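Data first, discussion second: the structure below is written as C-alpha cells.
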Amino acid sequence: MQEHNIWSLDKHQDIKALLLLLEQQVGRGRFWLTTELLDPQAVRITPAVASPEVSVYLYCYAQPPGHYGVDLEYPRMIEQEANDQTVRLNELDVDRTLEHIILHLELEH
C-alpha cells in the first residue's frame, strides 16, 4: 500500500474526483490505495498505517450517476476468507460517501 498521485491513476473520473475531495478534507498522505489490480471504476482505500485493520472498497459501477457504492471492510478484505465482516452501502451521494469513508478509516482531524 502506498500514497498515489490521484491524477495519474488509471481510474474512472468519478473515482478520481471523490479521492481528490477526500484528500482535500483529510489532508494529503492520510490514506493509501492498495496496489491490487481492480476495475477502473473501483479502488480500495486504507488509512496510512503499516498494518491497517480496516479498508473501504469504493466503486461507481452499478450505481446511479453521481452516486457510489461503499463496502466498509474489517478486517482488511482478504478475498478468500469467509469470515471477513463487510458492510455494503449503495447509491450514496458524494457527501454521504465521504462521511462513511472518513468515519470508517478514522481520518477525521
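Keep in mind it's a predicted model, so treat the numbers as computed, not measured.
When all heavy atoms are compared, the tightest approach of G29 to A48 is O-CB, 3.3 Å. Minimum heavy-atom separation, A42 to I15: N-CG1, 4.2 Å. Shown here for W32 and P47, the closest heavy-atom pair between the two residues is CE3-O, 4.0 Å. A pairwise comparison of heavy atoms in T97 and V70 identifies CG2-CG2, 3.7 Å as the closest pair.
S55 contributes atom OG, which lies 5.0 Å from atom CZ of R44 (distance to the nearest 0.5 angstrom). Annotation: the span from F31 atom CZ to E23 atom CD amounts to 5.5 Å, rounded to 0.5 Å. Taken to the nearest 0.5 Å, the CD atom of Q25 stands 10.0 Å off from the CD atom of E99.
For the side chain to side chain contact (heavy atoms under 4.5 Å, CB included) test with I101, the passing option among L19, V56, V26 is V56; the others fail.
Taking the six-membered ring wherever Trp is involved, the centroid distance between the rings of Y74 and H104 falls below 6.0 Å.
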- Output, in order, the C-alpha distance, side-chain angles, deciding distance and verdict of side chain to side chain donor-acceptor pair (under 3.5 Å) for E73 and T86. CA-CA 5 Å; E73 303 171 333; T86 302; 4.9 Å; no
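Counting only distance, with no hydrogens or angles, the side chain of K11 and the backbone of I6 share no donor-acceptor pair below 3.5 Å. Distance alone, capped at 3.5 Å, places no donor-acceptor pair between the H100 side chain and the L98 backbone. Formation of a donor-acceptor pair under 3.5 Å by the Y57 side chain with backbone atoms of I45 is not found in this model. Using a distance-only test at 3.5 Å, with no hydrogens or angles considered, a donor-acceptor pair links the side chain of Q63 to the main chain of E91. Between the side chain of R96 and the backbone N or O of L92 there is no donor-acceptor pair closer than 3.5 Å.
With 3.5 Å as the limit, one finds a donor-acceptor pair spanning the side chains of Y59 and N90.
At least one side-chain heavy atom of I102 sits less than 4.5 Å from a side-chain heavy atom of L22.
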